[in-house]
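In what follows, a structure is listed as structure tokens, so that the remarks can point back to it.
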Amino acid sequence: MKSYDPKKIEKKWQSVWQKSGIYTAADKSRKPKFYGLIEFPYPSGDGLHVGHVRSNTAMDIICRKRRMEGYNVLYPIGWDAFGLPTENYALKTGTPPKVVTKRNTATFRRQLQALGFSFDWSREINTTDPAYYKWTQWIFLQLWKHNLAYKKKTLINWCPKDKIGLANEEVIDGCCERCGTPVEKRQKEQWMLAITQYADRLDADLDTVDYLPEIKAQQRNWIGRSEGAEIAFSVEHADSKINVFTTRADTLFGVTYIVLAPEHDLIKILKPKILNASDVEAYISTTTKKSEIERTDIKKEKTGIELKGIKAINPATGEKIPVWIADYVLADYGTGAVMAVPAHDERDWEFAQKYALPIKEVVLPTVIDKRNPPMPGKKSVERKNVHALVRDPATGKYLGLKWKKFNWLTFPMGGIEDGENAITAAKREVEEETGFKNLKLIKVITGQARAEYFAAHKDQNRISYTTAVLLELLDHTQAPVSVEENEKYDIVWLDESKLNYEHMTHAEIGIWMHKLAVKNPAYTDEGILVNSDSFTNQTSKEARGAIARKFGKIVTTYKLRDWVFSRQRYWGEPIPLVHCKQCGWQAVPEKDLPVTLPPVKNYQPTDTGESPLAADTPAMKKWRTVQCPTCGAPATRETDTMPNWAGSSWYFLRYCDPKNKTSLANQLKLKTWQPVDWYNGGMEHVTLHLLYSRFWNKFLFDIGIAPTSEPYVKRTAHGLILASDGEKMSKSRGNVINPDHIVAQFGADTVRLYEMFMGPFNQAVSWSTEGIIGPRRFLEKVWRLQKKVRAKKVHTGKDGVFENVLQKTIKKVSDDIEAMQFNTAISSLMILTNDMEKKSEISLRAYEILLRLMAPFAPHSTEEIWHILGHKKSIHLEAWPSVDTTKIQREVVTIIVQVNGKVRGSFQTSAHSSETEATTQAQSVPSVKKWLMDKTIARVIYIPDRLINIVIT
RNA sequence: GCCCGGAUGGCGGAAUUGGUAUACGCGCACGACUUAAAAUCGUGUUCCGAAAGGAAUGUGGGUUCGACCCCCACUCCGGGCACCA
């Protein structure tokens with residue numbers, strides 16, 4: 001037997017597979033189809049990353065298993081090759097992006113092939129190939145024809161370093177996603193795609209797909225669906241109305257002012273009436289000059305300015321309220337105007353506090369005393385109460401009353417009488433009940449709380465509206481306390497840890513403690529309405545709908561914005577439109593597609609931010625000048641290009657028919673392969689790319705091209721591979737692992753196994769240079785098992801006691817691959833291998849089952865052994881082993897014996913023993929006996945075939 | 001601040017979802033083979049303890065015959081969103 005030498009066998013099999021085309025997907029087949037997809041790589045100059053290897057191997061294992069299970073599998077590969085790094089490289093070196101791309105894809109192709117992925121290379125695509133981007137342009141034209149693409153002068157995010165407009169999605173913490181430079185705002189005409197028109201479906205249809213829950217959550221979060229109400233506030237002495245969007249219509253009676261975004265249109269209309277117009281203008285100009293980071297910095301203090309002379313009218317109360325502008329209100333969310341309810345919104349509270357605006361409470365926190373709930377049928381009495389929280393600064397303890405007649409522990413408390421406020425009432429109660437009279441007010445714990453309970457001593461239900469006041473003891477001087485009061489309770493001092501509903505009688509205490517703990521006292525939760533006219537005493541939920549319907553209308557808004565689709569760059573798909581002075585924007589006729597990128601000398605965007613295609617050179621002028629397709633007059637091409645999200649928004653469709661010259665893909669072929677059954681990729685793409693491609697697919701579905709409304713049935717995500725220092729791999733840190741090197745050192749099969757074994761697939765893991773030897777040793781062990789195979793070519797039906805282990809492994813590996821638990825699948829293969837190694841000989845049948853189970857993980861070495869065993873056909877065309885579940889059950893089982901929950905021994909017995917049998921046997925186990933001596937058995941818990949727990953007293 | 005994850009030996013990580021915690025791999029120690037080394041194989045490897053036994057899954061409580069797993073409170077780490085009204 002030769003020794004295992006991956007260098008000799010891997011190249012050989014790769015070229016055999018390539019020549020025989022065993023991974024080529026058949027457009028026509030009687031087998032069921034399976035479409036497995038990975039995110040096609042961006043062929044960067046750095047070459048393949050070990051992270052690519054991880055995700056590609058995972059889907060490769062799944063696809064290989066599907067083939068063995070009898071599926072017609074499509075596992076395609078291509079290049080998402082438009083984009084900035086290539087263009088920047090071209091800029092630096094003068095090498096045309098086309099050339100760079102060709103070189104990089106060649107490297108990637110070689111690297112991917114060296115890892116033995118079962119891609120159907122005959123379907124390779126490249127987004128920068130004019131034959132491909134012809135259809136990207138075609139799709140754009142369909143969007144344009146359906147009014148989903150429009151040009152709009154808009155404030156865009158501008159990166160001064162890259163000189164490029166960025167989509168909101170490409171701005172991270174106010175900085176450019178690529179280079180980290182703070183982003184500026186610039187006015188620019190941009191092509192936009194109206195993705196917001198699909199917002200509702202993009203959200204709702206998530207219910208129909210099988211994505212990991214966290215992926216759905218992130219998509220929903222990004223779409224930001226929010227149901228609320230739009231309410232119009234009329235402006236005094238003006239025709240204009242201010243529309244606000246709110247999710248809390250129940251707080252309408254608490255609105256004390258209105259705030260407009262500085263960009264709000266109404267400001268210009270109202271300008272003649274604004275008394276302080278010049279100050280207002282000054283404020284607006286300072287805010288628009290602020291950078292995105294400054295403006296959205298949540299920690300900064302809010303600023304604003306009142307529109308003097310303007311009053312809005314609260315439609316619910318008829319009150320005249322001031323109108324402000326402030327940059328904490330976003331122009332492009334909702335209506336760009338908010339109704340401010342400082343009592344119930346933290347931002348409004350902060351603003352009101354700063355500018356001394358009134359605060360009106362309309363929602364009270366409500367508790368029902370669980371220990372003492374209102375009794376149905378008893379009459380209800382309302383009371384206004386005060387609770388006095390008195391702290392002794394010397395000890396930090398709080399004054400409490402331990403009642404003698406009832407099992408109560410309370411604060412000093414009582415009703416607020418006529419002529420009193422909460423503070424005077426609190427001080428009076430403290431003195432009456434405890435005698436302490438020298439008290440300092442710390443604060444009124446803002447607002448009332450509403451509590452419902454049954455007052456047994458009065459046989460009535462109480463609804464109390466209680467204010468809590470925090471006081472501090474100045475000294476221990478005590479006035480005499482009446483005999484009557486003294487008989488009621490003892491004074492106790494309570495530690496802060498006792499201030500909760502478990503120890504104390506007050507149901508409201510949780511509210512007090514919460515309010516004491518937070519800085520911002522606005523009550524933003526739901527409750528019961530007060531001061532709200534006919535809505536008073538309704539719950540927030542009831543009132544929200546009712547008020548919205550009475551004073552406005554119910555609407556849904558989204559955080560999602562339209563997609564900025566223009567880039568002022570060279571290395572992207574030219575937007576296929578021309579502009580004619582007479583006819584306006586015109587589509588390039590379909591027969592003239594693709595609009596190809598002309599060669600240019602200089603890839604540098606102009607300082608005004610125009611694409612190199614707009615450069616003032618004769619060659620570019622010549623490229624730009626065309627005839628208007630409608631009137632024939634001279635017209636000009638659009639010089640903006642598409643973002644690199646464009647090509648990846650529909651590539652999964654092109655794979656179905658990659659060479660089609662007359663349509664983006666043949667309808668029959670699309671129907672054969674769509675939708676993608678399983679799409680795996682990085683978490684970093686689950687918001688943007690996933691959303692954009694779902695949008696394009698939905699649009700293509702609507703116009704009858706894509707066969708399904710959702711492109712992906714199932715979406716999973718892999719974790720990152722970090723360097724051994726736990727940091728991200730990067731050239732600058734010098735901690736990058738090059739797949740070429742490790743393939744050369746250990747072989748592709750070892751690399752594949754290691755990357756699948758190193759940790760849970762969905763979690764980030766650090767690369768370990770030491771750990772990779774484990775999988776290599778494992779492969780060598782499997783290799784050496786060859787010599788233990790008894791009687792080659794003779795199969796027997798079963799393998800005795802060993803059969804059980806074998807069947808369990810088949811089940812475990814099969815299940816684990818489906819759940820992407822590759823690490824435990826490999827672990828169970830190792831266990832089986834270790835078992836086999838301990839035997840003096842193994843059956844050919846058992847060995848071949850092991851090889852077939854391993855084939856998706858280690859395709860080269862298993863193929864080689866398969867042929868050494870005498871097979872002529874590829875192992876990858878063999879059937880996946882099936883489980884015989886009857887053989888998983890064992891006849892003899894080990895039962896664990898516990899005494900009082902602690903393991904004291906175990907015994908072997910036949911399966912399915914009765915409880916009585918098991919109990920008798922358990923009691924006779926020597927190591928158990930001594931624990932049972934002189935003890936009475938109180939109870940026995942028996943889990944059949946597993947465990948018995950004897951409870952003694 | 002909000003929403004998702006996560007915390008288990010020296011290290012990466014298992015645990016049938018409430019039933020023997022630490023599978024599998026790395027590392028380490030000792031042994032075999034060898035002139036020697038590498039490779040390979042064998043044995044051991046959570047902690048305390050000579051042993052009997054005890055303790056232990058981030059911390060503190062709870063439910064249970066029994067908790068890594070469920071509940072409550074908290075600490076730390078990672079990811080996403082972030083003035084979204």
Side-chain angles (χ1 to χ4, degrees), chain A residues 3 173 212-218 220-222 224-226 228 244-248 251 259 295-300 302 326-330 332-341 344-348 350-351 500 518-520 524 557-561 683-684 686-687 719-720 722 724 726 753-754 757-760 762-775 777-778 780-781 784 808 811-812 815 821 823-831 833-834 837 894-906 930 938-943 946-952:
Chain A
S3 62
D173 292 330
L212 288 181
E214 59 266 37
I215 297 177
K216 281 194 191 185
Q218 278 199 35
R220 288 223 152 91
N221 195 340
W222 196 264
R225 182 188 155 89
S226 171
V244 301
F245 173 74
T246 180
T247 53
R248 291 297 300 271
T251 63
V259 192
R295 177 137 177 210
T296 57
D297 183 4
I298 193 157
K299 274 162 270 170
K300 107 190 149 163
K302 297 193 181 353
D327 66 0
Y328 79 91
V329 175
L330 304 174
D332 50 2
Y333 180 76
T335 59
V338 300
M339 56 179 229
V341 189
H344 304 295
D345 182 280
E346 292 185 1
R347 296 152 302 182
D348 297 342
E350 196 188 313
F351 194 75
N500 54 51
V518 297
K519 281 169 238 116
N520 190 316
T524 57
T557 44
Y558 299 88
K559 282 194 229 175
L560 186 69
R561 313 287 155 80
M683 265 327 265
E684 69 276 18
V686 304
T687 44
L720 289 177
L722 305 171
S724 47
L753 267 174
Y754 173 62
F757 183 65
M758 60 198 296
N762 58 359
Q763 237 168 261
V765 276
S766 300
W767 187 268
S768 158
T769 317
E770 289 166 336
I772 193 165
I773 191 68
R777 285 180 191 150
F778 166 57
E780 283 171 7
K781 251 185 227 183
R784 284 196 307 267
K808 268 200 208 156
K811 177 152 175 40
K812 179 82 179 144
D815 293 350
Q821 285 158 358
N823 53 335
T824 50
I826 293 168
S827 148
S828 67
L829 288 167
M830 287 171 167
I831 293 169
T833 304
N834 290 345
E837 210 194 21
T894 304
I895 292 182
I896 303 309
V897 185
Q898 296 186 335
V899 177
N900 280 357
K902 285 196 193 282
V903 179
R904 298 302 180 192
S906 65
K930 61 176 179 184
R939 207 176 146 186
V940 173
I941 289 104
Y942 177 54
I943 311 295
R946 215 182 265 283
L947 174 141
I948 186 160
N949 186 10
I950 298 167
V951 185
I952 54 173

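Letters A, B, ... are given to chains in the order of the sequence lines, protein chains preceding strands, and every chain is numbered from 1. Both backbone and side-chain heavy atoms feed into the values below; hydrogens, waters and symmetry mates do not. Just so we're clear, the structure is a prediction, and the values are computed from it rather than from any experiment.
- Regarding A:Met683, its CE atom lies at a distance of 13 Å from the P atom of B:C4, rounded to whole Å.
- Every residue was checked against the side-chain contact (heavy atoms from CB on, under 4.5 Å) condition with A:Ser724, not counting sequence neighbours, and none meets it.
- Computed from coordinates, the A:Leu212 CG to B:G79 C1' distance equals 14 Å when rounded to whole Å.
- When heavy atoms are screened at a 4.0 angstrom cut-off, A:Arg225 is found touching no nucleic acid atom at all.
- Counting non-hydrogen atoms under 4.0 angstrom, A:Ile773 reaches the backbone sugars and phosphates but no base.
- Taking only side-chain nitrogens and oxygens, A:Asn834 comes nearer than 4.0 Å to OP1 or OP2 of B:G25.
- In terms of the side chain to side chain donor-acceptor pair (under 3.5 Å) criterion, A:Ser827 has no residue partners (sequence neighbours excluded).
- Evaluation of the ring pair (Phe, Tyr, Trp, His ring centres under 6.0 Å) rule for A:Phe778 yields no partner, not counting sequence neighbours.
- A:Ile831 has its CD1 atom 14 Å from the P atom of B:U16, to the nearest Å.
- OP1 or OP2 of B:G80 has not a single side-chain nitrogen or oxygen of A:Thr687 nearer than 4.0 Å.
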Identify each atom pair where a protein N or O and an N or O of nucleotides 41-46 of chain B are less than 3.5 Å apart, giving names and distance.
| unit_1 | atom_1 | unit_2 | atom_2 | d |
| --- | --- | --- | --- | --- |
| B:C41 | OP1 | A:Arg784 | NH2 | 3.2 |

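- The separation between A:Lys902 atom NZ and B:C65 atom P is 16 Å, rounded to whole Å.
- Spacing of P atoms, B:C11 relative to B:C48, comes out at 15 Å, to the nearest Å.
- Stems are defined here as 3 or more consecutive Watson-Crick or G-U wobble pairs with pairing distances under 3.5 Å; those involving RNA chain B are B:1-7 with B:75-81, B:10-12 with B:24-26, B:27-32 with B:40-45, B:46-48 with B:53-55, B:58-62 with B:70-74.
- Contact annotation for A:Lys930: backbone-only contact, meaning every heavy-atom pair under 4.0 Å involves sugar-phosphate atoms and none involves a base.
- Of the two residues contacting RNA chain B, namely A:Glu214 and A:Thr335, the nearest-nucleotide position lying further toward the 5' end is that of A:Glu214.
- In this structure, the CD1 atom of A:Ile215 is 13 Å from the P atom of B:G5, given to the nearest Å.
- Residue-to-nucleotide contacts include a donor-acceptor pair under 3.5 Å from the side chain of A:Lys302 to the base of B:C83.
- Nucleotides B:A67 and B:U8 have their C1' atoms positioned 14 Å apart, rounded to a whole Å.
- The same atom, P, is picked in B:G60 and in B:C69; the two are 13 Å apart, to the nearest Å.
- Between B:G18 and B:C68, the two P atoms lie 12 Å apart (nearest whole Å).
- A:Ser766 meets the side-chain contact (heavy atoms from CB on, under 4.5 Å) test with A:Leu722; sequence neighbours excluded.
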Might you list the N or O atoms of the protein lying below 3.5 Å from N or O atoms in nucleotides 19-22 of chain B, with each pair's distance?
| unit_1 | atom_1 | unit_2 | atom_2 | d |
| --- | --- | --- | --- | --- |
| B:G19 | N2 | A:Gln898 | OE1 | 3.4 |

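- Checked against side-chain contact (heavy atoms from CB on, under 4.5 Å), A:Asn221 has the following partners two or more places apart in sequence or in another chain: A:Lys559.
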Pairs under 3.5 Å (N/O, protein and nucleotides 11-15 of chain B):
| unit_1 | atom_1 | unit_2 | atom_2 | d |
| --- | --- | --- | --- | --- |
| B:G12 | O2' | A:Met758 | O | 2.5 |
| B:A14 | OP1 | A:Asn823 | ND2 | 3.0 |

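- Every residue was checked against the side chain to side chain donor-acceptor pair (under 3.5 Å) condition with A:Arg777, not counting sequence neighbours, and none meets it.
- Residues meeting the side chain to side chain donor-acceptor pair (under 3.5 Å) test with A:Asp815, sequence neighbours left out: A:Lys811.
- In this structure, A:Val329 and A:Val259 approach most closely via the heavy-atom pair CG2-CG1, 3.6 Å.
- Nucleotides of RNA chain B nearest to A:Glu346 and A:Ile826 differ in position, and the one nearer the 5' end is that of A:Glu346.
- B:G78 and B:G58 are spaced 15 Å apart, taking the C1' atom of each and rounding to whole Å.
- Here A:Arg784 pairs with A:Met1, A:Glu780, A:Lys781, A:Lys787, A:Glu837 under the side-chain contact (heavy atoms from CB on, under 4.5 Å) rule; sequence neighbours left out.
- Between the side chain of A:Tyr754 and the backbone N or O of A:Ser768, at least one donor-acceptor pair lies under 3.5 Å.
- Separation of the P atoms belonging to B:U75 and B:A55 is 29 Å when rounded to the nearest angstrom.
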